[in-house]
Amino acid sequence: MRVITLNLKYDGSIPVEAETITPDSFSDKSKEEIEELSLYLGNKVVKLREIFDVSVEGSNTGIDDVKIIIKGNAYRIKRIGEGMTGGEILVEGNVDMRCGSMMRGGKITIKGNADSWTGQEMVGGEIIIEGDAGNYIGSGYRGALNGMSGGKITIKGNAGLYLGEKMNGGEIVVEKDADMLAGLEMSGGKITIKGNAIMPGGEMTGGDIIVMGTVIDRLPTFKYLGKEIIDNANFEKYVGDLAMRRAKGSLYIKAP
Amino acid sequence: MNELIIKNGIVFDPLNNIKDEKKDICIRDGKIVDDVKNPKILDVNGLLVFPGGVDGHSHIAGAKVNSGRLIRPEDGRRSLKPKTSITMPSSGYSVKNVFSEGYDYSIMGYTTVVEPAMPPLSAIHTHEELRDIPMLDKLSLTLFGFNWFVMGYVSRGEIDKLAAYVAWMLKRTRGYGIKIVNPGGGENWKWGKNVDSLDDQVIHFGVTPREILNDLMKVNEILDLPHPIHVHTNKLGQPGNYNITVDTMKLASGFETQRGREPLHITHVMFSSYGGENWKTFDSKADEIAREVNSNKFITVDVGQLMFGDTTTMTADGYLEFNLQKLTGFKWSNSDTELETGGGVTPVIYSPTVPVNVIQWAIGLEAALLINDPYQVWLTTDHPNGAPLTRYPEIISLLMSKEKREKEILQVNNAVNKRAILPSLDREYEWNEIAIITRAAQANSYQLRDKGHLGIGADADVTIFDIKPNEIDPSKDYDKVEKAFSAAKYTIKGGEIVVKDGQIVKVVSGKTYWTNAEFDEYYELIEDDLKDWFANYYTVNLDNYGVNDVYLTNPCMIRTNPTIGSRVRLA
Amino acid sequence: MIIKNVVCPFCGSLCDDLTVEVEGNEIKNVDNTCKLGYNKIVGYSHGRIEAPLIRDKEGLKEISYDKAIDEAAKILCNARRPLMYGWSSTTCEAIEKGIELAIKIGSLIDQTATVCHGPTTLGIQEEGKPSCTLGEVKNRADLVIYWGCNPFHAHPRHMGRYSTFTKGYFTNKGRKDRKIIVVDVRESDTSKVADIFLKIEPGSDYKIINALTSIIIGNGDILPEEIGGISKDRLEYIAGEMVNANFGIVFFGLGVTMTGVKDKNIGSLSRLVKELNRNTKFSLMPMRGHYNVSGAGNVFTWLTGFPYAIDLSRGYAYYNPGETTANDVLARKEVDAILVVASDPVAHFVNPSIRRLAEIPLIAIEPYTSATTELADLIIPVAISGIEADGTAYRMDEIPIRVKKFIDSKFKSDLEILTDIINRIDRYE
Amino acid sequence: MKKKRVKLITGRTIEQGMFIEHKTSKEYFDATATCFMNERLIKELDIEDYVKVNTDIASIVLRAEREKGIPKDLIFIPMGPWANFILNIDIGLSGMPSFKGVDATIEPTDDRPLELKDLIGLYKG
């Protein structure tokens, strides 16, 4: 295992685009090469060492035994872990938008809050958000057919709006509440919300949404199918969204 | 004086009967000349030399194209390229921004492109975009197929007024020729309906597609317009439509033009060569279409080749797009334009595992391979409807190599063996024929006398491909062919090297051609009608309607002689 | 001198039948216009900023035009995350120049749709935009729905010229040939002329639109008895009216784009219209506010591939509203300098965004004293497009019309000022 | 002091549009530093001429005006600097701030609305 620690020293409010911070990119690079990688700060290019202090311990044989630790409040560092295929990233504080987007494998753990579009169009791997998550987690790009199609996202806090928008595979678990329209336009995969949800499942055509708390403002275009037991708990099952043709989405709401 | 000599190229210049000849090409001040004094020398040592490419049908500008870009940010983010010291940022795969359109064409060696569907009411928009497309000479065809004035004059038999109206409209929109999309049917779509045969009535207007086509063909001749009527047939995209396509082609049979040329062009014929009664029984009728073309010198067609992948469809045929969207469930835009035309946009994914798509793919190639005279069949993808323009090199390699086709056939759904005839076709295109279907035929059909050839006086638009025609066998080395056509060694536009080794090295802005077919007192003939209809039914004032030269880069007016036809085939 | 068929540079209706009387170089009168257009055109000379102004500790003071261009070029060149904002009340030609400048300096560029019909764009990017030109409505529409908009106030001639009271080819009895439905959360001057007024609960648009769609595709039986304050029976009746129309149109406004789930309302509306087209002919159209906001969207799109909220900082166009939109990047304090053209963001942005505007260098190209000039560090006065400068504008139905110049101005146009800034930056580079 | 929860919507009015190019005019002030409310709501809170509107980020004082067609639990403020002072944005969503359907409370006040210059002044420093 090779552990690469990035100590954030940047505290400006202009976001840094850091899609190069992935185990894939760091795997075969020396400390000095990592320090020389280009990041984007507004309309200028900066070197990674201008934003982070880098320290490296151990060695690796491939991508999977690379671990990147980001220390400090990275709430203005975007696109960390974009497209990564393996290895691990641990963000000790918050992280800015699009972390783990298009991720294919490996694991990202965010100890703080994650901003919008985390796990956008993710295909595989795992993201764990220990704080709250922003909007459009696991969603698709503007106009794209699909959002997240594989992998797993766990949010230990609350999730924002449009959680799992256009999702067609994989799994999302929210330990607390989800804001409006979780599972919007989803066609596959599974979303579990352990707290409350507002208007879940709008325009969904497939996949499962399970709400263990209360559903606020349930959409009128879902049809009640009856009770069902999941993991020894009683749920009311609905199919929808019947504002869509050929809709086969399942919405399970914990029975009172 | 700006001089250049291209030495030792292997030149194919079909319009001047030059084929596979080692020949020097001299250029002075943007024109091909017979000799030069102090030229810059470009020794291309046995490489393939063609005239600059001409695409006679490609949706690159105007409301529909922009609507495609607007609804498809997910397409826009594909092929993003940053600016360089000379170029602007590029975006888009099937719906490209204007810069990318110019650069991508230029990199493939094209120098002239026709936007084939300009709605008159938004002609300013078409020209604003054309103006912003770098690298290319441009022309656009004005839509007439279900225009209220046209249908009114046709129904009343007022052919002189119809001619006056077309002349007025071409001038007012800076259009080059007559485009007809789903004649009559487009008006019915404005009530959610369509036409099914050439003799169906247009709701309320009391005319038929046959009458519209016949009269516009006559007017085209009367006005001496450089290009034949350019027709997107009725029922396009529907199974079993080959009948109506053959019927449409027959309208031109024996049509007397004083100019000894074809009066009718059928565009993206792939979409109009369908057999079967529904999508389940769908099959190829490219053979029937090719039979008609081969026996009918009065028509030309272009292929509208489909290639597998994701693209965006767009046409003035709104009914077609609506039905396509019903099949796919994808997003859909529609844009009916008052008194004039309409249109629609929807994305599509053509899959090599879907039988219908595979047969569509085969039909285009079959049409190209079965039509004997390459001057009668231009290579197009109907960009972006069949495929984005960047797929041309692949299609060229398919036409030149049976082996490559066989390899592809193995990869696609087996329907290609049962309901298409492509596997049985042996023909392989030669270099000269490729030069015809990508250059000479189009320049000829548009009577762009300075384009599509390398004779003395032609515009110095030249493409040099990084391939030695005498050293490779395109039927075997198809990968090399595809690679060479993807990125020109040199593209020379108006005498300047604009592309080198597949990279843009100079950004230029081209000309815009339009046709002036005015005749004495043409305006007086229609003035009352225009004033009346604009006042009552349009929402834009007659005074504020149309385009002027402010919107054109290097405007280039083609003056016709509406009584005497004089322009003939160059070769 | 009487000038006819003048194009009104106020709202997205872009009426092109105004008559303006000019004497010397002054406007004496305007005919055929609504109050909005009249006030803009007749009032064009009031309250103008007379010379370029720069702010120092004591306040604004006059500087030369040349110095102002110099300062603007410096501010923009030195910025690491500049934003260029506005564009909806100027010509397409100026907008093109603006994008050229944005590409040159690696700027964010956004236009006023961001606080207007931006959600409409997001909605149609998911579902498409089945639409038509206004003349189609005039000539054919027998059912006109105004949803979340109040044309009497925002587009005063819209109903008269295009949709409701006007006579057309297949609607030669005018108002009598049409049925008008208004959907809103409150009564308005528009709802007073409707045949049917559907007063809905605030924020319930999404549910109501999807309920209508479910009725139309045959799933209406599952609906509850009341949705968003409207009974199921009434929704079924409205759905029937829609299906039975020969040619229907929904005009919608900020009541839909700014409420509840915003962009998702529009996506659903587009899908409703799509479904209606299986039964009859139906279109939708956003009621665009500024006279050339539609043009701004068009120019942005053909030049960059995207309609608004574009980040050019890395040399290519990146688009993601919510991330690259003006209010987000301001409220997140990303932006370190801003150029405002043909707009007043300090009057129309929200509190946290304006706080950032107060902190950073702000350049305003602006003819009048506005909320933005109150905060501006550099103000360059400009000729008013559509009165003192000509060029192209796009009507709400995407129809381009050339706006006229009928008064000479001592000020340069937006296009000329932007050109001067670009040339100055070139000199620095 | 009586207080009440309402939904706030903002939007165009013809007067706001007529004077939009004259932001420092009295007409613009009259058109936009105003809150339209149902008559019953005004009575219920004993509002005389002025009303204070509070949201989760700020408060503003506006002239209160009666409007018949507006529901009792809704208030309408014409779009402009006064309305926007109390509005916020959900960052990282759609770019569109919350201009309509915003939770607010209202209460009577004896204060007067700020002039434009003073209002904008609040953003400085």
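Both backbone and side-chain heavy atoms feed into the values below; hydrogens, waters and symmetry mates do not.
- Comparing D:Gln16, D:Met79, D:Lys68, D:Lys117 by how many heavy-atom pairs each has under 4.5 Å with chain C, the most go to D:Lys117.
- With contacts defined as side-chain heavy-atom distances shorter than 4.5 Å, the pair C:Asn39/D:Phe19 qualifies.
- The most heavy-atom pairs under 4.5 Å with chain C, out of D:Gly80, D:Ser94, D:Gly92, D:Ser98, come from D:Ser94.
- Contacts with chain D were tallied for C:Gly255, C:Gly253, C:Pro202, C:Cys34; C:Gly255 has the most, counting heavy-atom pairs under 4.5 Å.
- The greatest number of non-hydrogen atom pairs below 4.5 Å with chain C, out of D:Val102, D:Ile86, D:Thr32, D:Ile89, is found for D:Ile89.
- Of the two parts of C:Val185, the backbone and the side chain both hold a non-hydrogen atom closer than 4.5 Å to a non-hydrogen atom of chain D.
- Ranked by heavy-atom pairs shorter than 4.5 Å toward chain C, the options D:Arg12, D:Met96, D:Lys23 are led by D:Met96.
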- prompt: Where do C:Arg48 and C:Glu388 land on the salt bridge (Lys or Arg N to Asp or Glu O under 4.0 Å) test, with the steps shown first?
  reply: CA-CA 13 Å; C:Arg48 295 290 284 267; C:Glu388 299 168 325; 2.8 Å; yes
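- In terms of heavy-atom pairs under 4.5 angstrom with chain C, the leader among D:Gly101, D:Ser25, D:Pro81 is D:Pro81.
- Side-chain contact between D:Asp73 and D:Lys7 is absent, with no heavy atoms from C-beta onward closer than 4.5 Å.
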- request: Report the C-alpha separation of C:Ser191 and C:Asp184 in whole Å, then their side-chain angles, then the decisive distance to 0.1 Å, and conclude whether the side chain to side chain donor-acceptor pair (under 3.5 Å) test is met.
  value: CA-CA 8 Å; C:Ser191 72; C:Asp184 208 333; over 6 Å; no
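- Residue with the most contacts toward chain D among C:Asn351, C:Asn327, C:Leu375: C:Asn351 (heavy-atom pairs, distance under 4.5 Å).
- D:Glu44 and D:Lys72 are joined by a salt bridge, as a carboxylate oxygen and a charged side-chain nitrogen come within less than 4.0 angstrom of each other.
- Most heavy-atom pairs under 4.5 Å with chain C, from the set D:Pro71, D:Ala83, D:Ala58: that is D:Pro71.
- Note: D:Trp82 and D:Phe29 have perpendicular aromatic rings, judged against thresholds of 30 and 60 degrees for the angle between ring planes.
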